[in-house]
Structure formats: C-alpha cells, structure tokens
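Report on one structure; see the data block that follows.
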Amino acid sequence: MDPASAIGVAASAIAFLEFTYKFMAAVHTIYDNRHPEYASVEDTSRKMKEWSAAFIAQTGPPPLEQVPLVSLANQCSIMAADIIRKIERTKSSKRNAIAVVLVALRTVCSKSDILKLQKDLDSCRAQLHLQLTMTQSAKAAQDIRRLEASSNALQDILEESQECQNQAHILRALEFDVMGKRFDEIDTSADGTFEWIFEDSAGQIDSNPRLELGFKEWLQDGGGIFHISGKPGSGKSTLMKFLCTHHKTMDRLKHWSGDKNLVFASFFFWKPGNELQRSLLGLVRTLLFHVVAQCRDIIPEVFKEFWQPSEYSVWGTNPPSLALGSREIMNAFNRLMNNENVFADHRFCFFIDGLDEFEETYQTYTALLNSLSDWMRLSQGCVKICVSSRELPIFLQRLDGRQRMRLQDLTQNDIKKIVQETLDQEERAVQLQTLNGYEWDELRGEIVNKAEGVFLWVILTLKALSEGLHAAESIRDLRRKLDSIPKELRSFFNFILDSIPEDQRKKALCTLMFAMNQAQIRSPQLPGSCYLLERASPLLYSFLDEYIDDRDFVRNLALQPTDAADLERRGVIANAQIAGRCRGLLELRRTESYKSGTTIEDFDSLRYRVVFTHRSIPEFLDDHLSTGSQELLAGFDALDACIQTFSAIVKTISFLPGYEYRNRSKMRLSLLIDHVQRSRTCSTRHFESLDELDKALYLRQSEIWDNFSDVSWLDFSSHIGCSFHEYVAWKVGKCPRILQDLNGLECLIHALTPVVDKIRIEPERVMKTLKTILSAGVDVNRVPGNSRFIGHKAPWQILLTSRRDSSWMYMEKPRRRCYWDCVELFLEFGGDASCVDEKWLDHLLDDNPGNAQKILALLRITEQDNSVDMAGLIGRDGSTSD
C-alpha cells in the first residue's frame, strides 16, 4: 500500500479507536452500577456497530500490523450488536432499563473480557499511532523525493535553457549578413545537367588518366581534397551549388561517415563581395557557424572563454551581444581541428567554391592552401574537402592531380542540351531546321564544339545568334557570325564591345561602369526588402540617360510621385536598353521574393535585378574601362550617378507607412555614404548630391511620419558613416546649426558607435569625426533627456560605462587604444571626472595605455569638481605623482 493510502486507512483506524473508548466508557458505567442515560447507551452502541463495520469494510484484507485492530473491531461490533438487541427487547417492558442493560451486558461478556478488550484497545492504539507516525514519515520522505526530483528536473530545464541561450549568443556572433548571399545568387543548374557526376565515373577518369576515383566514389570512400578545376565560365560554381543541394551527395557522405555524425558545411568565395566573402576569416567563420549549428554540444570545448551559461537568465537580463574578433574565431576553429574527442564522434565534409576568388591584403593563395593542408593533417581522416577553382598554376601544383576533375572536358552533353533547348524556343530556328535539318544540326554541333566546355561562351554566343534569328538571317549568315566570335573569353568580350553601334557605345560603357559601381555598394540582405530601392533595380537605370545628358538633373526634378503607368513605362524602356546596349554582359534576374513597398501595387517590368552575367565580366571591364575607353567616359562620374539616380527614385515614388520602408531608405543612404567614403575619390560634388538625397528622403518620409521632424541628417549620416569625417566636416561647415541642442548630442553619440559597439573601425577617422563635432561646442556631459533615438545617458557616461563590458578582455589592441584616445579627447573637452569610479581607474591602470599619464593628469585638472578623492585613487600606486 502506498503511503498516501496507508495514511487514509490509519486515520480511519484512529477515529475508530477514539469512538471505541467512548463505547468502553459506557460499558464501564453500566458495570459500575452508575446511571447513564438509557438513550445514550443505545446511541453509543449503534454508532459502535456502524464504525466497526465501516472500518472492517474499508481495510479489506488487512496487512499483518493491522490484524489486532481488525480483531478488536470484530469484537466491538459483536458486543455492540448484542447490547442493541437486548435493549430492543426491553423497550416495551416496565422493568428498570439500566438493570436490563446491565444483565444484557453481563450475558454478553464478563468483566475479564471487558478488561481484555480494553487492554487490546490500548495496545492497538499505541501500535496504530506508531504505524501512523512511520507512514507519515514515509509519505513525507516520498514527497521530499518527489519535490527534489521536480526541483532537479526544473533545474535541468533552467540549465538547458541557459545553455541554449549561450549557444544562440555565440551563433549570432558568428553569423554575418552576407554569409549565404553568394550561394543564393548563383544560378541553379538547368534540368538534367550535371547528373553525370553521380553516374559516369569512367568518363571522369578518361578525361584525367591520373584520376584514381570518380567523384561519387570519392564521396563514399575517398579522403583528402578533391579538386574541380575549370576555365572561367565553365560552370564550376553552378556545379558546386548543384552538389551542395543534391540528396545523392548527402547519401554517399553518410556512407562515408558510417556510425559517426556527418557534419556538412560550404563556403563560396566571392571576390567582388565584401571582406568576409573573399577572406580566410570569412571562410573559417562560415564553416564554424555551420559546424556548431549542427553540433551544439561541442560549443563548450570550441568556445571555452565564451561558455558561461550561468550568466544567462530565463527571466532576467543577459550578457551583452558578443563581438568575436578574428583571433577568437581562428582560435576556436583551431580548437575544433585539434580536438580528438570531436573526431571520435563526428566526420566533416566541407565544399569550398572559388579558391581563385580568395583575396586578402596580407595573405596569398599559399596561405589558404596551407590552411587546408593543416586541417587535413590534424583531422587524421575525419575531414575531407571538395574545392573548385580556375586552372591557376599554384592550384594545379599544390593540389593532388590524382583527385582532380577538369570540368570543361565533361560538360559537352550538358552544353548540347542547353543549345538545343535555347534554339528550339526561337520560331525562326524551327523553320530553318524544317527547311534544312542537316545544316541546322551541323551549326548546333559547331556551337557545342567551339564552346570547349565554357557555359558563359555558349550563353553569350546564343544571344548573338538570337539577334540574327530575329533578323531572319540564313544558316549561312548565322555560321558566318559564329565563325567571327572568338573562342577566348576576353577576346569575346572585346568583340562584344566592338559590336556595339558607335552612337550607342558611350551610353553602353557608362551603363557598364554604373553597374560596376552599383555592384561595389555593400548591400546586406534584408527580408522583405522593397525592390524599387534595391541597388540593382532597373528603375535606377531608367534615370541613367537623364544623368548622362544633364549631371544636375536631379536638382531640377520635382518631389512629385509619378503614376503607375509611367513607372511601368520606365521599367520597360530600361530593360530594353540594358539588353540592347550591353549585348548580354548584363542580364535581368527576376526577384519574386520582393515587395514593391510603394502605394502602387506592382510593376512587372521592375521586378528584376540588373547583374553581370558572370563575374569574369567586371574583371575584364575593370581593366578595359580604365585603359581603352577614357575618351568616351570623359565627364561621367559613376559615383555621383549612383547617388543621383537613387535621389530620382525617392522623388518619383510614394512611400508606404511602416518601419520597413523607413529603415530600407535609411540603410540605402547610409550605404551610399559608406560607398563614397570607401572610394577615396570623394569631392564636394558628391557631398552636395548626398545632401540632395538626404533632403528628398527627409521630405518624403515626413509626409507619412508625424514625428519625423525629430529625425535629422545626423541620424542618417552618423549611423554607419560616422567615421566619414570629411562629410561631417563639410556638413557642419555648411550648416553649423545642425549641431545645436539635441542634434549635437545625437551626432556625437552616433560617432561613438564604432568605439562602444565594437563594429569595424578606422581609429584615425573616428577620432577626426569626434574632434570635428566636439570642436563645434557639443557638451560631452549633457544628458539627452527623453530622446528615443539615443537613450538617456550623456556621451561621456556612455564612453565610461562601455569599458565595463565583459567582452573587453577579448578586444583587439587597436580598439583599446582608440578607446583610451577617446577618453583623453573627451576629458580635454570637459569630461566630468566625478563620473569616474575606482573600478574604472583599476581598468586604466591595468591596461596602462600609452596616454595613461595624460589621462590621469586631465582627471586631476578637474579634481575640484570631482566627488571622488582623485588624489587618493590616483596616487595609490605611487607612480603618478607630478
């Protein structure tokens, strides 16, 4: 019987015993010839019988320790029944009732029987109390165990929650906004292409006699580094994307991993992208993110210094966001590669596309290949890597030729399929095939053979031939055009540019240069972005002719939304001009995922992004436009064109209410400012164009935001371009009043952002920006009040409290130096020493920056206004006396 049930039975037994005592007292009263109430005796006897019967029925088959109690209940029940029966018989008699009861009782049991019953009763009572005490103790112990178990379970849940928060904190620190952008932008392979890689191992080996294993066999049983080499435009990136998403890749890798956990990660180098898209740090950071996302249990070993789940709370505040530096990331990856415990349970496969697109200022391809070799050596067969690259000598020499596949030697059937499907869509091609099938098939075969495995050459050639088909040219004319197309890509690009009519060439080259500048503007992926504000929107290109004809056109453009028909017309014209002028070097890619973000529902002609057909094209243009087209490009400022065309969009479309549109337009301005700053060729003209854009955005958004008046130019330019001191100085010089009152505090606090938020900084530029603002008279000690944009702390307080951040110890030395330089600058401009406490001074003395003595001296200058005993605090180490 469980403790709870036993306690219920024991409680009933105690109640029964208590009533039994009352019954025995009544019996003794009769025996002792006292005179109890007749009705009382009868009532007590009846209740005794009921209690006994109920108790016996409740207990069922009694446990050993309750047998005496049940026996007592039986005896009491019999006694009570006999007394009741005797009383019932005498109720109508004239005899004395008490006498009758006494006689009845004495016939039922003797005095000795009653004494024995009483003794048994005492024994049962004592035994029952002991049993009840033990049972209650057992139940209490069981309740305690249950409570402990619940408490332990809750503690486990809380600890697990804290660990999950710590894991998420680290993953967020590793992730960056363009991590998967290159992968997403690569074209998906045409249906039915590249399937041979899982089927035709013999063909792969035939193309490279040194190849020991076909690709599918390498996935399943091989190791080391498998190299997919190829010419530019041969489809390497498209193949790598195909492999990364194909179920057969995962199926064969799982066979290789066996009973160990398979961890798969990929990275696609992208030279035109930002630093993380083309560097070793970006590679390691991406791989590390995907690895720990799949194997969160290894985070405590890989990120030891950041594994502090006890600091996280389910309900309270959590540590500030992590800012992982390059050193911390590289150290974490090295721990992963050196951890035998991890390799005991896991196997890793990495796909890395575009080794030739790796680019770092102080690193070479050799450094990249050395890193890959180190990973192979440390993993002892638990890591293998598939890489792709152009056929540069260093990759052909350093990577094992026994595990290399030349892509252009294996894609003839894929190219044949693309040629056939593309030409079959042309009505004129169908006619020619019907009229002269043999010659037509021969022409298609020549295209495939001349391609030599280069998909880009095929795509551009088919576009050139398509123009001939639209002009109803004969097969002979088409063959003549095909013969004139060079096989080598750079020569082909020159051929394309030379084929542009003379009257269109200037605008074509301006369009291509404009596209190159647009591609260089940083553009983080934002979910639900408004496609009309995208850097590659055809609407931007629709204003390009107007800029070429008049470099000040946007200043004369009215701030007046146009109607849907005009926007659609602009889109149609821009798309036609891009296709006609650029001859396939630029292409339009559909952007189904974007919303319009304007009051007008949709524009089919504008739902595209303008992009280069292949990344080798901007490489060619970078050289060609800077050397061979200077005369045609004279007077065209692509940087200024980027700003003015975006200003034109702002002036001609209506904004919808909502934070998405406001934030997107604000981000576009900030990115343009950043682009101008990075160009290092900025001029007053660019500042004036940015100013015009700023005004247009301000007026446009103030139409839909009632409180937009409290958002100034400073909220834009200082948000990301805070270290663009040339622009800040120009703006302040042009309009000093923008730093008055709250505006000045906004600007100063935004300018502090790179220091206190640990984003990427150029210390010298940050200091110049801060000095420009402070020189205008902004008070570092002023509290901004209730500004919802910059919080409730004075700039000086923000700077001081940022030093207490727990991630300070992991901060790089240049950022630390910049911090202490900012402290010195703020003190020179009146920073209040009373805000400094002993703990902050401990940090100063521990770090001991080069300007420590000067900071201490500046603190002493303001000692008379200081609530802290500066003399005592500063002089305690005896090293700072005057």
Side-chain angles (χ1 to χ4, degrees), residues 677 714 717-733 736 738-740 742-784 790-791 793-805 808 811-837 840-841 843-866 868 870 873-874 880:
Q677 176 187 339
L714 302 161
S717 66
S718 297
H719 183 66
I720 287 181
C722 56
S723 58
F724 193 5
H725 67 87
E726 296 94 342
Y727 184 31
V728 174
W730 176 84
K731 187 73 175 182
V732 172
I738 63 173
L739 290 182
Q740 294 175 2
L742 188 61
N743 285 345
L745 286 177
E746 286 187 23
C747 189
L748 183 57
I749 290 174
H750 283 310
L752 267 179
T753 300
V755 181
V756 300
D757 281 359
K758 306 171 208 56
I759 62 177
R760 184 175 178 81
I761 63 170
E762 295 181 56
E764 183 180 353
R765 302 183 69 82
V766 170
M767 296 303 297
K768 285 183 178 180
T769 304
L770 289 170
K771 193 166 186 176
T772 298
I773 298 168
L774 292 173
S775 298
V778 178
D779 184 1
V780 299
N781 300 307
R782 181 180 172 185
V783 178
I790 54 176
K793 287 183 179 180
W796 175 234
Q797 291 175 312
I798 293 173
L799 183 61
L800 290 177
T801 55
S802 69
R803 174 57 185 85
R804 298 169 188 159
D805 193 322
W808 173 271
M811 194 179 294
E812 299 94 336
K813 288 183 179 180
R815 188 182 297 280
R816 291 193 185 197
R817 284 195 299 269
C818 184
Y819 173 84
W820 294 116
D821 288 343
C822 288
V823 169
E824 179 185 336
L825 182 65
F826 273 47
L827 284 169
E828 289 175 347
F829 281 90
D832 184 3
S834 67
C835 297
V836 174
D837 57 22
W840 186 89
L841 284 171
H843 292 317
L844 172 62
L845 297 174
D846 289 342
D847 285 347
N848 193 26
N851 59 345
Q853 297 297 324
K854 191 169 183 179
I855 291 173
L856 293 173
L858 288 168
L859 287 170
R860 280 180 166 170
I861 290 173
T862 58
E863 183 178 352
Q864 64 274 16
D865 299 321
N866 199 339
V868 182
M870 293 303 302
L873 290 175
I874 297 176
T880 57

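Note: hydrogens, waters and symmetry copies are ignored here, and every other heavy atom, side chains too, is used. This chain uses plain numbering: 1 for the first residue, then up along the sequence. As the structure is a computational prediction, the values presented were derived from the model and not from experiment.
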Hey, what do you get for CG (Leu800) to CG (Asp837), rounding to the nearest 0.5 Å?
8.0 Å
Quick check for you: to the nearest 0.5 Å, what is the distance between Trp796 atom CH2 and Thr801 atom OG1?
11.0 Å
Would you say that Ile773 contacts Val732 through its side chain, given a criterion of any heavy-atom pair below 4.5 Å between the two side chains?
no
Distance in Å, Leu774 CG paired with Cys822 SG, rounded so as to fall on 0.5 Å steps
9.5 Å
Any side-chain heavy atom of Val780 within less than 4.5 Å of one from Leu827?
no
Got a sec, which residues hit salt bridge (charged side-chain N to carboxylate O under 4.0 Å, His left out) with Lys771, two or more places apart in sequence or on another chain?
none
Got Val836 and Leu844 here, is their nearest side-chain heavy-atom distance under 4.5 Å?
no
Kindly compute the distance separating CG (Leu858) from CZ (Phe829), expressed to the nearest 0.5 Å.
11.5 Å
So which heavy atom on Ile749 is nearest to which on Lys793, and how close?
CD1-O, 4.0 Å
If you round to the nearest 0.5 Å, how far is CD of Glu828 from CD1 of Ile855?
9.5 Å
So, does Asn781 use its side chain to make a donor-acceptor pair with the main chain of Asp832 at under 3.5 Å?
yes
State which residues pass side-chain contact (heavy atoms from CB on, under 4.5 Å) with Ala729; sequence neighbours excluded, sorted by chain then number.
Thr772
Listed partners of Glu764 passing side-chain contact (heavy atoms from CB on, under 4.5 Å), at least two apart:
Lys768
Please report the interatomic distance CG(Leu770) to CZ(Phe826), rounded to the nearest 0.5 Å.
5.5 Å
Is any side-chain heavy atom of Asp779 closer than 4.5 Å to a side-chain heavy atom of Pro795?
no
Taking only residues two or more places apart in sequence or in another chain, which ones pass side-chain hydrogen bond (donor to acceptor under 3.5 Å, both in side chains) with Gln797?
none
